[in-house]
Amino acid sequence: MITPAFELTQDPDFLTIVIKVPYARASEFDVYFEGEDFKFYAKPYFLRQVVAGFRKIGFSISFFACRLTLPGRIIEDGREKASYNTDKGIRTFTIRLPKEIPGQYFEGLDMLTSLLAPKKSRSGKPLVEEIAASAGLSEEEEEEFDWEIEQTPYEESAESMLPLQYCYGFGNLRSGVFQRLQDELSDVIDIKAPDQTPVDERRRKRLAAEAAKFDPDHYLADFFEDEAIQHVLMYKPWWVDVHKKMTAFKGESHQEHDSHTFVVFSEEEKEQLRKLTNKSYLLDKRSRHHVYLGLIDILLAYCYEICVNEGDKNVESAWNIRKLSATLCWLESFTSIHDVVVSFGRRVLCYPLHRHFGLVTRAFNDTVMILQLGKAAVLKCLLDIHKIFRENDPAYILNDLFITDYCIWIQKTKSKKLAALSESLQKTTLTKSHIGFELEELEAAAVLVEEEERMLKAAGTVSKQQLPSSESETSESEESSSTSSSETEGSDSDERESSTSEDGKINSLQGTLQEERTAPLIDCNGLRQGTNTSTFEVSDEKPKVSLQSTSVPGKLIEELEKQMHTAIRLSEQPEGLAAASCILQEQEENRVPEPDGFSKDTTGKGNFLEVSSKANPLLLFCSTNEDED
């Protein structure tokens, strides 16, 4: 049988069923309804021409059939009505059926999978049969659901030493799955050998892995530079507006049962629901606790993914959801709501790109909204997760383990359970101290460092502001000093001009003496030593001149002293000394007296190249040697 597309609506007195059946004739369909049962059959017209051929070769003939189990009772009293429409090329059957109790509200008409009749077993008698299921559900509704599971210490026994296979998956109903999927194991979950790892050991390994993965630098970077995070926090997913409408509607009409009407399923989502197989789950109280707490964990991870990607899907969407959910990634079985929230907060601060505590709070609030909207909103989120995992190659295994069963199970869950779950979650508090990574201490230390850097920058700014004022004072002092120095330089320049004129005379005199002394020097000893000897004579007299000329500035005196020491080093030649003294004696005898202007300046001071009239001891020593020769 082929299940056609169908949808159900209601008003206070009638239930309306719309069935879309392409390639069917209006004259060849059957409808049956009584109490909570509704059945629809139709033959596709194109099969009638080849029905005999199909039967001969062994093919079975397909029929459009819709078998529903309604949430309320309907009756046949003559008010029922059916119509057939072919507008827009789509053949639709619209059937209106009267309610047995006028004004009764049929809950869960959008839970299409739960409305489909479950498939019957091929065996004569079912292996497991539900007895008094309705009575059990009513008792479950009446009792207060405690979301804390009692912890029992684990004790080793002889039986526990045997190589057992531990359960996991939805309601811990699966085992041995990953023994057949060793290649995909590392791409789907973080735990190794889950079939041989008990729940307590999984938790210890998960906490150790999270502690090793936490990066303080990454956390502080997102804490201080949070522009991108603040941007994504402004995004509003679809459930925010729906929650506002529901809250406003409740305030006006005080009708809680109409809250689900605000959640609308798309055609694709309806097709997903029709493809799911309706079945029942026999869960004990402890397993139901694990299922509800696992649902919170999965929804928290999904809300984070929707927030950070602003509703768009990408290649990292499947990774984000399964990595942030310890239920999916570590096959964790939680025991309290607080443990679920703490685990999610730790994983947000360890694994994804954006690691900010504000994202944890945002996902927490979004999950509370989804649960308050009821099972329709929860189912819409689960269908989206199912689609994300279906399109990701290794993550499809998580659909088989968790998401498909959650999509079927949530449709049969009572709304009161989800309301109580959302209330308990809303009362749960989560602070940074609960995470366990010393976040408050890290933030306090980082804030102190930031304040010190700001103080240093402020001090540098103040010093830069004070620098121009000090520079102005310095410039004023420099101007005053330059004024005084200019006056001093004026007086010094006069002295330098006079000394420059004297130096010119000295240089001309020195050139004349150099030319006169060159020829006799060569004739006397055959060596050219005239320059050194003349320099020696001048350097011998230079200290006297420099000491007498007190008007010469200090820098000029230092330069003259350096020239004097250089001349003394050049004149240290013993052989040329005697020859130079002889030549000087001959030149002294034959020299014409120079004018007084060459030896004395206008002030009466000694000139630099003034020839001393005193007797030279070297000349006497030289003449003595000549007499002996």
Side-chain angles (χ1 to χ4, degrees), residues 147-148 206-207 210 214 219 222-223 226 228-244 246-247 289-311 317 320-330 332 334-375 377-378 380-382 384-385 406 410 417-437 439-440 443:
W147 302 106
E148 303 293 332
R206 174 179 65 82
L207 295 175
E210 291 168 357
F214 178 70
Y219 172 76
D222 288 348
F223 177 75
D226 59 346
I229 296 172
Q230 295 300 327
H231 174 74
V232 299
L233 287 175
M234 296 174 62
Y235 173 73
K236 294 182 180 181
W238 61 266
W239 54 76
V240 174
D241 294 334
V242 174
H243 189 269
K244 289 180 180 179
M246 183 198 71
T247 305
H289 278 82
H290 291 317
V291 169
Y292 279 113
L293 297 179
L295 176 64
I296 295 176
D297 187 39
I298 295 172
L299 289 178
L300 286 169
Y302 174 73
C303 291
Y304 175 91
E305 156 63 22
I306 294 299
C307 180
V308 296
N309 289 323
E310 301 182 62
S317 296
N320 281 336
I321 296 174
R322 66 179 179 83
K323 200 72 174 180
L324 298 182
S325 172
T327 301
L328 302 177
C329 195
W330 282 88
E332 180 70 86
F334 292 102
T335 57
S336 67
I337 295 179
H338 187 264
D339 292 343
V340 176
V341 177
V342 170
S343 171
F344 171 73
R346 288 170 62 90
R347 300 188 72 79
V348 167
L349 301 182
C350 290
Y351 292 101
L353 176 63
H354 299 298
R355 306 177 186 180
H356 196 275
F357 192 78
L359 295 172
V360 179
T361 306
R362 172 63 184 274
F364 178 86
N365 296 331
D366 288 347
T367 303
V368 172
M369 288 185 189
I370 293 172
L371 292 175
Q372 289 176 348
L373 287 172
K375 58 184 179 182
V378 176
K380 190 176 181 69
C381 297
L382 290 173
D384 196 13
I385 297 172
Y406 266 111
I410 196 63
K417 295 293 182 182
L418 294 180
L421 184 62
S422 64
E423 185 177 354
S424 299
L425 178 61
Q426 194 171 12
K427 292 179 180 179
T428 305
T429 58
L430 178 66
T431 61
K432 294 180 179 180
S433 59
H434 295 151
I435 302 299
F437 293 143
L439 302 180
E440 296 176 347
E443 293 174 5

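Throughout, residue positions are numbered sequentially from 1 according to the sequence presented.
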Non-hydrogen side-chain atoms of V340 and L425 separated by less than 4.5 Å: no

Gap between atom [atom2] of [Y] and atom [atom1] of [X] - 0.5 Å precision:
X    : Y    : atom1 : atom2 : answer
L324 : L349 : CG    : CG    : 10.0 Å
S325 : W330 : OG    : CH2   : 13.0 Å
T428 : I337 : OG1   : CD1   : 5.0 Å
T361 : L430 : OG1   : CG    : 7.0 Å
L359 : D222 : CG    : CG    : 8.5 Å
L439 : H434 : CG    : NE2   : 12.0 Å

Pairing residues for R347 by the salt bridge (charged side-chain N to carboxylate O under 4.0 Å, His left out) criterion, not counting sequence neighbours: D190, E210

Qualifying residues under side-chain hydrogen bond (donor to acceptor under 3.5 Å, both in side chains), relative to S433, sequence neighbours excluded: T431

Within the side chain of [X], is there an N or O that forms a donor-acceptor pair under 3.5 Å with the backbone of [Y]?
X    : Y    : answer
H290 : F334 : yes
S422 : L418 : yes
R322 : C329 : no

Residues that Y351 engages under ring-ring contact (aromatic ring centres under 6.0 Å, His included), provided they are two or more places apart: none

Could you go through residues 298-311 and list every donor-acceptor pair under 3.5 Å that involves a side-chain atom there, pairing it with any protein atom two or more places apart or in another chain?
from	atom 1	to	atom 2	distance (Å)
Y302	OH	D384	OD2	2.6
Y304	OH	H354	O	2.7
E305	OE1	N309	ND2	2.9
E305	OE1	N320	ND2	3.0
E305	OE2	N309	ND2	2.7
E305	OE2	S317	OG	2.6
N309	OD1	N314	ND2	3.2

Just distance, no hydrogens or angles: give the donor-acceptor pairs under 3.5 Å from side chains in residues 229-242, sequence neighbours left out.
from	atom 1	to	atom 2	distance (Å)
Q230	NE2	D226	OD2	3.1

Results of side-chain contact (heavy atoms from CB on, under 4.5 Å) for F223 - residues two or more places apart only: Y219, K432, E443

Set of residues satisfying side-chain contact (heavy atoms from CB on, under 4.5 Å) with respect to T247, sequence neighbours excluded: H243

Salt bridge (charged side-chain N to carboxylate O under 4.0 Å, His left out) contacts touching residues 290-299 (sequence neighbours left out): none

Sequence neighbours excluded - salt bridge (charged side-chain N to carboxylate O under 4.0 Å, His left out) pairs with any residue from residues 360-372: R362-D366

For L373 against A377, the heavy-atom pair lying closest together: CB-CB, 3.5 Å

Least distance between heavy atoms, I435 atom then R346 atom: O-NH1, 2.8 Å

From R206, H338, E332, residue fulfilling side chain to side chain donor-acceptor pair (under 3.5 Å) relative to S343: R206

